[in-house]
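Convention: sequence-line order gives letters A, B, ...; per-chain numbering from 1. Only heavy atoms go into these numbers, but all of them, side chains included; no hydrogens, no water, no symmetry mates.
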2 protein chains.
Amino acid sequence: METTRKQRAALKSTLHQRGMRMTPQRQLVLDAVMALEHSTPEQVCKHVQLTTPTVNITTIYRTLDLLEQLGLVRHAHIGHGAPTYSAHGHEHVHLVCHVCSEVEEVPCDLLDDLAGTLRDQYGFKLDASHVALSGTCRRCLNRES
Amino acid sequence: METTRKQRAALKSTLHQRGMRMTPQRQLVLDAVMALEHSTPEQVCKHVQLTTPTVNITTIYRTLDLLEQLGLVRHAHIGHGAPTYSAHGHEHVHLVCHVCSEVEEVPCDLLDDLAGTLRDQYGFKLDASHVALSGTCRRCLNRES
DNA sequence: ATAATTGCAAACAATTTGCATTCAG
DNA sequence: CTGAATGCAAATTGTTTGCAATTAT
């Protein structure tokens, strides 16, 4: 997935509405998140620095927060380490194996039923893509037994 | 919930089988986790230090890891901060509101259907109590609209 | 021009590691 | 006794903050 001209224009005008400015760094971070699909702030930083080594990790953090507020990216907590960011629209549920740490992606709609139950019984609006589900993957299950 | 004589004996013999030793610190940490129901390493540390101020946080971390390997405690990732530990058997699914950060506990069996699907379709054995589900709670939903 | 944005250094929180000391068996 | 476990200080990792310098408009 690549950042299109359209998306850049949209970003620029969204920023403008809020008295914020379009900068090369913001484009680079958005590009990186879209190119990498899933990535920690650290990884985004490395990717951005391939083209522009002067960009500081502080800016990466600030820009990721900003893009998240604007609804352009989201983060999920996969396992123990740093959160991973992905572009809006690129959403799925993460299955994390707590034995081998492999991450598998499955469609969000697997959680539709659960989301319905939580909504009806608890008034809770589930955000399926935000959190990883933990368990044991097929390979590790086989190995165990 | 309190640590019983029986549980201590069980811990001691489990440790012994692996060439490990029973120590006051290990008892104190297990006691704390059971007493607190849900707690971060930091909170466990504070609680242990109420009785024995000399116990170091390093030992808390090491002991929590150990108790988890022995299957006596588990940790879950609730929201962004530190993980929270709870005693084995004290399990539920956590609903975390990403607006107000409130945590609600709901029974694990809500995930039974999902667990079945994941097992059948992906060979993934879901561990329901390990992860918090993120979303928006009733109160924040009402406030929003 | 001037307010927003950045880079840098330093602070911070959570966790881990190395090592000398202590203690359970 | 002897190896396992602890405490302490220091290192690491992930993230945030304060502030002066820069830059988009």
Q: For each nucleotide in nucleotides 15-25 of chain D, reading 5' to 3', give B when a protein heavy atom comes within less than 4.0 Å of its base, S when such contact involves only the sugar-phosphate, and - otherwise.
A: SBBB----BBS

Q) What is the minimum heavy-atom distance between B/Val48 and B/Leu28, and which atoms define it? A) CG2-O, 3.7 Å

Q | Integer-rounded Å distance: D/dG3 C1' and B/Leu15 CG | A | 15 Å

Q. So, B/Asp31 and B/Arg8, do they make that salt bridge, N to O below 4.0 Å?
A. yes

Q) C/dT6 phosphate, OP1 or OP2: any side-chain N/O from A/Thr59 under 4.0 angstrom? A) no

(Q) From CD of A/Gln17 over to C1' of C/dA4, roughly how many Å is that when rounded to an integer? (A) 17 Å

Q. Would you say B/Gln25 reaches D/dG7's phosphate, i.e. side-chain N/O to OP1/OP2 under 4.0 Å?
A. yes

(Q) Which nucleotide wins on minimum distance to the side chain of B/Asn56, given the candidates D/dT6, C/dG7, D/dG7? (A) D/dG7

Q) Whole-Å distance between C/dA24 C1' and B/Gln27 CD? A) 13 Å

Q. Among all residues two or more places apart in sequence or in another chain, which pass the side chain to side chain donor-acceptor pair (under 3.5 Å) test with B/Asn56?
A. B/Thr58

Q) Checking ring-ring contact (aromatic ring centres under 6.0 Å, His included) against A/His94, which of A/His38, A/His77, A/His75 comes through? A) A/His38

Q | Integer-rounded Å distance: D/dT6 C1' and B/Arg26 CZ | A | 9 Å

Q | Phosphate contact (C/dA4 OP1 or OP2) by A/Arg18 side-chain N/O below 4.0 Å | A | no

Q) How long is the line joining CZ of B/Arg8 and P of C/dA24, in whole Å? A) 15 Å

Q: Could you tell me the separation between the CE atom of B/Met22 and the CG atom of B/Leu11, rounded to the nearest 0.5 Å?
A: 3.5 Å

Q | Gap between atoms CG and P, on B/Leu66 and D/dT6 respectively (whole Å) | A | 8 Å

Q. Out of curiosity, A/Lys12 NZ to A/Gln17 CD, how far, rounded to the nearest 0.5 Å?
A. 13.5 Å

